[in-house]
Each structure stands twice: as C-alpha cells, then as structure tokens.
Amino acid sequence: MKVRTRFAPSPTGKVHIGNIRVAIYNWLFARHTGGEFVLRVEDTDIERSTPEAIHALFDTMEWLNLDVDGEPLYQTSRQQAHLDAAETLLEKGLAYKEDKGGTGQGECVIFRMPGTDVTFVDGIKGKMTKKAENMQDFVIVRSNGTPVFHLANVLDDIEQGITHVIRGDDHVENTFRHIALYEALGAEVPNFSHLPMIVNHQGKPYSKRDGDAFVGDYREKGFLPDALVNYLALLGWSPGDDREVMTREEMVEAFTLERCQSSAAQFDMKKLTWMNGEYMQKLPMDDFSAICFGELEKAGIDAEPEYAEKVFELVRERVRTVADIAPMVSYFFTDDYEYDEKAVSKKLQKDGVAETLAQVRAILEALPSFDMASTDKALHDFVEQSGLGFGAVMPPVRIAVSGTQSGPDLFPVLAVLGREQVLKRIDQAVARYLA
RNA sequence: GACCCCUUCGUCUAGUGGCCUAGGACUCCAGGUUUUCAUCCUGGCAACACGGGUUCGAGUCCCGUAGGGGUCGCCA
C-alpha cells in the first residue's frame with residue numbers, strides 16, 4: 001500500500017518551530033517511501049483560523065519548499081461527516097449520551113472505551129501498551145453539537161487515507177484512544193510514530209513565549225530555508241554516518257523512522273548559524289548577489305550594480321546569515337558610516353596615529369595606480385621603512401575607511417573603495433578623532 | 001499523585017555484546033595563516049546518570065534508584 005502522511009496543523013497565525021519539524025519528518029518519510037504527503041487544515045477554532053492565518057501556513061510551507069500532494073482538506077468542511085459517524089457509533093452502542101453536568105450545557109456524546117488493553121508498535125519508540133483500567137471514556141461530540149478533536153482527527157485521517165501518523169510525543173496518550181476509535185469505526189489502524197519534543201536553550205519545552213518559537217523568527221533572522229530544514233531534520237534524526245550538511249535528495253534517500261531519536265533534543269542556535277553559513281557559501285554567486293541586493297534595498301541603501309557586485313564578492317565567505325549582509329557592507333555605500341567606539345579608542349586615538357595616517361595618506365595619494373597589488377606593496381614598504389609594524393599601521397587605516405576593525409582583507413577593500421573615497425575617509429577620521 | 005515515555009562530551013549525535021583506551025559535528029580554548037576578523041588550517045578540552053545483575057566480555061541485555069519529559073479538558 002502506498003504510504004500517505006500528513007501535516008495537520010491548526011492555523012493560528014504563526015507556525016511553531018516544533019510543528020514544522022513534525023511536518024518535515026512527515027515530508028521526508030513520504031518522499032523516502034515514494035508515497036504522498038498531504039495537508040489538512042484543522043480550522044475548527046473559528047476565532048483563530050482566519051484567512052490570514054491559513055495564508056501564513058501556506059506561505060511557510062512554500063518558503064521551506066515542502067511540497068504537498070493534492071489539495072488541502074479543511075476540517076470544517078467535514079463537520080457533517082463527523083456528526084454522522086458519531087450517530088453511527090451511538091446506534092451501535094459504541095458511544096452514549098450523557099449530561100456530565102458542571103457546565104450545564106446538556107448532553108454530549110461520549111465514546112465508550114472497549115475495556116481491553118491497547119497496544120501498538122510505535123515506529124520510533126517501539127512497543128507501547130496501556131492497560132484498560134488506565135483509560136477512560138471520552139467526549140467526541142460536545143453538548144453544543146460540535147465534534148471534538150479526537151473524533152474529527154481520526155475520521156479525517158481515515159478520509160485522507162493516512163497510513164502513517166507521525167506526530168509529536170504529546171500525542172501518545174491520544175493514540176491509545178484513537179486506536180480504539182479506529183477499531184470502533186471499523187477502519188484500519190495506521191502506523192503511529194511519536195517524535196520527541198524539542199526544547200529551548202534552557203532545556204525546557206518551547207513555549208510560545210520563548211523567542212524564536214516560530215518559523216517566521218528564523219526567516220527574519222536571515223536563515224536560509226534549506227539550512228533550516230537541514231538543521232531541523234538533524235535535530236532528532238541522523239543518517240547513521242557522519243554527514244551533516246546534506247541536500248534534500250540525500251536526506252530523503254537516507255531518512256527512516258528507525259533512525260529517529262526517542263529522546264528530546266535541544267535547539268542550538270549556534271549550530272544552526274554555522275550550518276546556515278555552510279549553505280551561504282554554497283550559494284551560486286548570482287543567488288548570493290540577488291539576496292544581497294534585496295537586503296540592501298530593505299536597508300534603504302542605493303547600490304550601483306557593478307560596484308555592489310565587487311563588494312559582495314569581498315564579504316561572501318564571511319557571511320553567516322542573510323541578516324549579516326547589510327551591516328557588513330553598509331560602509332561601502334555611504335561615507336556616513338558609524339565608527340565602532342571601542343575600535344576608535346583602542347586603535348585610532350593613540351599617539352603617533354595621526355602622523356602615521358598622514359604618511360599613509362601621502363603615499364596612497366602619490367601612487368601611480370591604486371590597484372590591490374600597488375597599495376599592498378606600498379604599505380608593506382612603508383611598514384618596513386618606518387619600522388612601525390603592521391599592527392600600528394593597518395588597523396588605523398581600516399578603522400578610518402570602514403569604522404570597524406574587522407572585515408575582509410584590507411587591500412581588496414581599499415581597491416573596491418577607490419582612491420578618492422579612501423583619501424576622503426582618512427581625512428574624515430582624522431578630523432573627527434585626531435584633530 | 002496516577003499512567004506512559006526518556007537518559008553517551010556544554011549541545012546535536014555515532015554506537016544494536018568484543019572493531020570503544022567511545023567516533024563525528026557545533027561551541028569553547030590554544031597555535032598558525034609574517035595587520036584585523038565574523039574566514040581558513042592545525043591541535044586541544046570534554047560524555048556512556050547511578051547501583052546491582054546476566055555474560056569469558058556491557059555504552060550496548062535485565063532489574064532497581066535518581067533525574068527529566070508527556071498526558072490526565074465538552075483545547076487541538
């Protein structure tokens with residue numbers, strides 16, 4: 001039988017990072033087995049399930065490039081079917097009506113647990129058993145006439161022909177009940193697998209109040225979708241060898257449920273950042289440039305394309321996230337850049353620096369050609385003749401022309417900036433800090 | 001509290017009884033790349049939760065203890 005997995009979130013506006021990881025695992029499993037991956041929108045919470053929230057869900061799926069088979073099923077469209085099924089269970093005596101009181105809303109429909117132990121083999125955790133006496137009957141239709149999650153979820157999984165339910169650990173207790181429901185409904189019980197949860201930096205479950213709990217947060221921070229998917233896939237799964245940076249194809253090829261971890265994993269922003277850097281390096285130059293131009297535009301920086309390309313080349317290998325780009329290159333596009341106060345006081349505002357910069361300026365101004373090799377040779381010669389040492393010459397120059405003490409190799413920076421700008425910037429820095 | 005589940009370096013993990021004096025990756029630290037650095041290279045620190053078994057032999061199997069998590073809604 002062809003495998004069918006699903007992602008069944010309730011659209012609440014933002015897609016939780018833990019939920020999307022579940023989606024990724026479902027997607028990987030379906031693709032690995034040559035099966036199908038479908039989407040179901042559990043939109044029964046009318047208040048929160050707005051068109052915007054549903055749009056955000058699709059947008060996230062698309063951004064992460066998790067392709068879905070067929071059209072999504074909207075749970076609200078299935079309400080009558082859910083109710084009909086409850087009626088059937090009632091007729092068969094597998095459910096009963098009762099006024100449980102308390103809220104005083106009248107009678108609800110309650111599913112009768114079969115009174116036998118429930119056992120299933122979890123694709124990740126192995127054999128799971130729950131004794132009959134530890135399970136209770138549960139409500140499947142509220143006294144206001146609306147179906148409860150358990151009923152709707154199971155019925156829709158049957159409707160969509162789901163063969164493998166891969167969901168979070170928090171559903172294991174539900175699974176025992178759901179299996180009883182499948183059986184009462186006369187439906188084939190699918191395979192169940194429960195993924196461990198991911199925890200935050202403090203080792204606690206990710207709550208919505210933690211920062212970085214939603215996919216959008218990572219997008220804003222400049223992570224690439226492929227890197228995020230790769231990182232999340234490895235958070236609780238491994239291919240069994242030492243591979244970490246993997247293409248989608250490689251992950252799909254290697255993915256199995258057996259290789260999924262059964263204990264919780266802690267999200268590590270540093271490792272994600274590293275991995276994202278790996279993906280940034282691998283980006284074709286054209287793609288990288290396109291991203292850079294986009295970032296410049298967002299930052300309100302006007303860039304002349306030919307010049308900008310040269311700048312991008314320079315910072316290419318140092319960029320870790322998309323968000324790094326604008327701050328890293330902004331000084332190339334304006335002479336009104338900020339000076340790092342610490343660098344200024346530590347390296348620029350020191351005895352002799354004014355004199356050194358004056359000499360360097362004179363040398364650079366007199367150079368017949370301002371290319372990389374020329375400035376390189378000229379400054380090396382100067383260092384040697386003056387006996388000052390590189391540490392006393394290069395950092396002040398760098399800070400003067402860029403405002404910071406870190407960045408790409410200095411000579412290419414000077415070359416890209418051009419003589420006019422370099423001289424102007426040295427004058428500007430001297431006037432500002434050494435006058 | 002009851003019921004389910006989990007436990008290898010700080011973190012993600014490899015490991016399915018001998019190949020483990022436990023491997024890789026991230027982080028961190030040190031050195032190098034005769035200037036900086038968020039790049040690159042080299043090296044280093046660092047773990048089988050604990051206690052009992054089983055076995056010639058246990059990170060790997062069993063039991064217990066401790067710690068952690070999940071669930072106990074007419075939420076999903």
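Computed from a predicted structure; not experimentally measured. Throughout, protein chains are lettered first and strands after them, A, B, ... in sequence-line order, and every chain is numbered starting at 1.
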Do the side-chain N or O atoms of [X] get closer than 4.0 angstrom to the phosphate oxygens (OP1, OP2) of [N]?
| X | N | value |
| --- | --- | --- |
| Lys204(A) | G68(B) | no |
| Lys100(A) | C74(B) | yes |
| Ser238(A) | A14(B) | yes |
| Arg21(A) | C12(B) | no |
| Arg259(A) | U13(B) | no |

Stacked cation flag [X] on [Y], 6.0 angstrom / 45 deg:
| X | Y | answer |
| --- | --- | --- |
| Arg316(A) | Phe288(A) | yes |
| Arg177(A) | Phe138(A) | yes |
| Arg259(A) | Phe255(A) | no |

Using purine N1 to pyrimidine N3 plus N6-O4 or O6-N4 for Watson-Crick, or N1-O2 and O6-N3 for G-U wobble, both under 3.5 Å, which nucleotide pairs with [N]?
| N | answer |
| --- | --- |
| U7(B) | A66(B) |
| U54(B) | none |
| G1(B) | C72(B) |
| U16(B) | none |

What is the distance, to the nearest angstrom, from the [atom1] atom on [X] to the [atom2] atom on [N]?
| X | N | atom1 | atom2 | value |
| --- | --- | --- | --- | --- |
| Gln202(A) | G68(B) | CD | C1' | 15 Å |
| Glu133(A) | C4(B) | CD | C1' | 14 Å |
| Asp376(A) | U34(B) | CG | C1' | 12 Å |
| Phe138(A) | C75(B) | CZ | P | 14 Å |
| His171(A) | C5(B) | NE2 | P | 18 Å |
| Trp237(A) | G24(B) | CH2 | C1' | 15 Å |
| Arg398(A) | U36(B) | CZ | C1' | 5 Å |
| Trp274(A) | G24(B) | CH2 | P | 14 Å |

Closest nucleotide among [options] to the [X] side chain:
| X | options | value |
| --- | --- | --- |
| Phe411(A) | U35(B), A76(B), G24(B) | U35(B) |
| Lys270(A) | U27(B), U71(B), A38(B) | U27(B) |
| Gln405(A) | G24(B), C74(B), U36(B) | U36(B) |
| Ala265(A) | G24(B), A76(B), U13(B) | U13(B) |
| Arg142(A) | C4(B), U27(B), A76(B) | A76(B) |
| Glu317(A) | U39(B), A25(B), G15(B) | U39(B) |
| Phe149(A) | A76(B), C4(B), C74(B) | A76(B) |
| Asp170(A) | A14(B), U71(B), C6(B) | U71(B) |
| Met197(A) | C5(B), U35(B), G70(B) | G70(B) |
| Asp268(A) | C74(B), C26(B), G70(B) | C26(B) |

[N] and [M]: how far apart are their [atom1] atoms, nearest whole angstrom?
| N | M | atom1 | value |
| --- | --- | --- | --- |
| C20(B) | C48(B) | C1' | 10 Å |
| C28(B) | U11(B) | C1' | 12 Å |
| A2(B) | C61(B) | P | 27 Å |

For this session: Using a strict 4.0 Å threshold on nitrogen-to-oxygen distance, state whether Lys271(A) and Glu244(A) make a salt bridge.
Result: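 Yes.
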Problem set entry | Arg248(A) and Asp226(A) ion-paired at < 4.0 Å | yes
Exercise. Between Arg398(A) and Ser402(A), does any side-chain donor sit less than 3.5 Å from a side-chain acceptor?
Worked result: no
Exercise. Given the side-chain rings of Phe267(A) and Tyr231(A), with only the six-membered ring counted for Trp, is the space between their centroids under 6.0 Å?
Worked result: yes
For this session: Check whether the side chain of Ser262(A) and the base of C6(B) form a donor-acceptor pair under 3.5 Å.
Result: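 Side chain to base: no pair below 3.5 Å.
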Exercise. Starting at the 5' end of RNA chain B and moving along, which residue's nearest nucleotide shows up first, Phe267(A) or Ser263(A)?
Worked result: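 Looking at the nearest nucleotide for each, Ser263(A) comes out on the 5' side.
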Problem set entry | Given RNA chain B, 5'-ward residue of the pair Leu272(A) and Arg320(A), judged by closest heavy atom | Leu272(A)
